[in-house]
J.: 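This is the structure I want to talk about, given as structure tokens.
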Amino acid sequence: MTTSAHSDHLAKVTSLLKSGQAAQVRELIDWLKIPSISTDPEYAKACRDAAQWASDHLGASGFQSSLRETGSKDSPGHPIVLAHAPGAPDYKGPHILFYGHYDVQPADPLELWNSPPFTPKLVDDPSGKDGPPRIIARGAVDDKGQVMMFLSAMRAWKEASGLAAGGVKMTVLLEGEEESGSVHLDSFIDANKAELGACKVCVISDTGMLDRGKPAITYGVRGLAYTEVILHGANQDLHSGMWGGKSPNPISELVKVLAQLWDKDRRITIPGFYDRVRPIAQSERDEWNKLGINPSEALKKIGFPPDANVGESGYSFTEREWARPTAELNGIHGGYTGKGAKTVIPSHASAKVSFRLVADQDPVEITKAFFKWCNDHTPPGCRWELIDHHGGNPATVKTDSPELAAAARAIERACGTRPALIKTGGSIPVAGSLKSKLGLETIFMGFGLDDDRVHSPNEKFELECLRMGTMSHAYLVDELLRM
Ligand code: BES
Ligand code: MN
Ligand code: MN
């Protein structure tokens with residue numbers, strides 16, 4: 001096909017997308033109504049419906065799309081949407097793998113939502129008095145809204161050119177277990193190595209921008225090791241007057257042990273924890289300093305004063321999120337938590353403990369080292385029950401590939417600004433798996449904002465971000481066709 005035919009198609013694509021935003025929002029609202037909470041088996045049917053919805057959308061845009069089952073009888077999984085666009089006969093660019101996830105986090109605490117999480121609310125007051133136009137729903141930005149940008153761009157290219165993905169050779173993988181640890185993803189990748197391994201690079205839209213109107217390409221995500229530790233004491237709950245002070249209280253003992261996870265410099269004390277951590281290159285530090293990130297302003301948005309800027313000493317606010325590992329307590333439970341008072345020493349207490357990891361840390365190794373550390377710190381008379389929930393590898397991706405340059409050009413053409421190169425503290429386990437299993441690099445082009453309330457009540461996606469992301473995906477097709 002000639003370049004002028006491409007530009008004719010592109011002009012049609014951009015005009016279709018401009019005139020089609022209201023319809024796009026309606027479609028997204030339809031999808032957001034399906035409560036595809038992957039962690040809760042009650043919602044298995046909803047997960048399947050959400051997968052089918054996306055598969056049908058891709059099918060109508062000319063993709064060969066189907067649901068692939070995952071898991072087994074003992075370990076049931078949610079389906080993966082797998083779709084193909086064969087590519088035009090004269091397509092010479094790279095075979096793209098697009099990855100996204102259709103599952104969402106649980107909506108609770110429900111009482112903190114201002115509108116029901118699965119009754120998407122469009123706030124679109126032209127006066128702007130209510131704040132920027134946005135869609136509020138669970139999954140609005142993570143990740144249905146961001147996958148929608150891609151789906152709409154694919155729809156427009158099909159309408160404009162008659163070809164699936166406008167003639168780009170493409171495989172689409174939409175996962176339904178990203179928010180619950182991607183339990184069946186690795187075995188799916190293993191079982192479909194030939195099909196997925198034919199791809200050259202993966203594109204994921206599940207990250208954020210630097211700020212409003214400041215698009216970004218993310219080149220690193222952290223890994224995760226998620227555990228639960230239960231400290232068992234007496235074989236029964238006890239009267240705290242009779243037994244306090246003469247036998248161990250599992251809650252007090254648990255918090256004393258866990259408090260030792262950090263030293264006075266807020267460094268993690270598990271032996272060997274930092275062994276594989278790659279140091280931050282001075283060139284990276286310099287680049288990050290130029291981004292103009294203001295810690296005090298960022299903290300203010302979530303209600304903190306400037307002196308809340310705490311973390312591992314010797315590293316900046318941004319470095320601590322992007323390039324340093326952390327330990328977090330995500331939940332702690334024990335004893336009496338109901339109304340009023342109860343003088344009890346419980347038989348056990350538990351905590352959810354997770355670690356964000358950076359290259360080249362390994363979640364399996366870290367979990368093992370943490371469990372050994374727990375055993376080495378067993379309070380007298382007590383016993384641990386140690387549970388490994390799930391993990392994911394960190395991933396740092398190449399920034400000098402021709403595909404990443406094409407994505408950057410696409411974003412610049414769509415948004416009028418060059419994307420910044422950033423990292424994120426969040427985790428997207430598929431990137432590490434694609435890299436280690438298939439040698440695939442990933443390009444994260446995401447359009448979320450820091451205050452989108454990802455995983456929280458009143459999650460939102462701003463329509464301006466939706467527009468920028470949709471146009472960026474449309475231009476990406478054009479850039480790939482020119483390669
Ligand atoms: N989309 C997020 C990851 C993310 C969050 C990237 C914020 C950039 C900014 C993803 O859906 C997510 O929540 N991942 C989990 C992974 C876990 C469940 C294995 C996370 O980071 O906690
Ligand atoms: Mn996500
Ligand atoms: Mn998420």
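We count residues from 1, following the sequence as given. Atoms within each ligand, like the ligands themselves, are counted from 1 in listed order.
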J.: Just checking, is any N or O donor in the side chain of Gln24 or Thr470 under 3.5 Å from an acceptor N or O on the other one?
T.: yes
J.: Under 4.0 Å, heavy atoms only, figure out whether ligand 1 is touched by the backbone of Asp206, its side chain, both or neither.
T.: both
J.: Any atom of ligand 1 sitting under 4.0 Å from a heavy atom of Val454?
T.: no
J.: May I ask you to say whether Glu412 pairs ionically with Arg418, meaning some side-chain N is under 4.0 Å from a carboxylate O?
T.: yes
J.: For the Mn ion (ligand 2), does an N/O/S atom of Asp143 lie at less than 2.8 Å?
T.: no
J.: Numbering the atoms of ligand 1 from 1, which are under 4.0 Å from a heavy atom of Arg356?
T.: 20 (C), 21 (O), 22 (O)
J.: Quick one: which ligand 1 atoms are inside 4.0 Å of a heavy atom on His101?
T.: 11 (O)
J.: Is ligand 1 under 4.0 Å from a heavy atom in the side chain of Glu177, in the backbone, in both, or in neither?
T.: neither
J.: Which atom, among the N/O/S set of His101, is closest to the Mn ion (ligand 2)?
T.: NE2
J.: Using a 4.0 Å heavy-atom threshold (strictly under), name the region of His455 that reaches ligand 1: side chain, backbone, both or neither.
T.: side chain
J.: Which single N/O/S atom of Glu179 lies at minimum distance from the Mn ion (ligand 3)?
T.: OE2
J.: Which of the atoms of ligand 1 are close to Leu224, meaning less than 4.0 Å from one of its heavy atoms?
T.: 17 (C), 19 (C)
J.: When you measure from the Mn ion (ligand 3) to each N, O or S atom of Asp142, which atom gives the shortest distance?
T.: OD2
J.: Consider only side-chain N and O atoms of Glu27 and His57, and report whether a donor and an acceptor are under 3.5 Å apart.
T.: yes
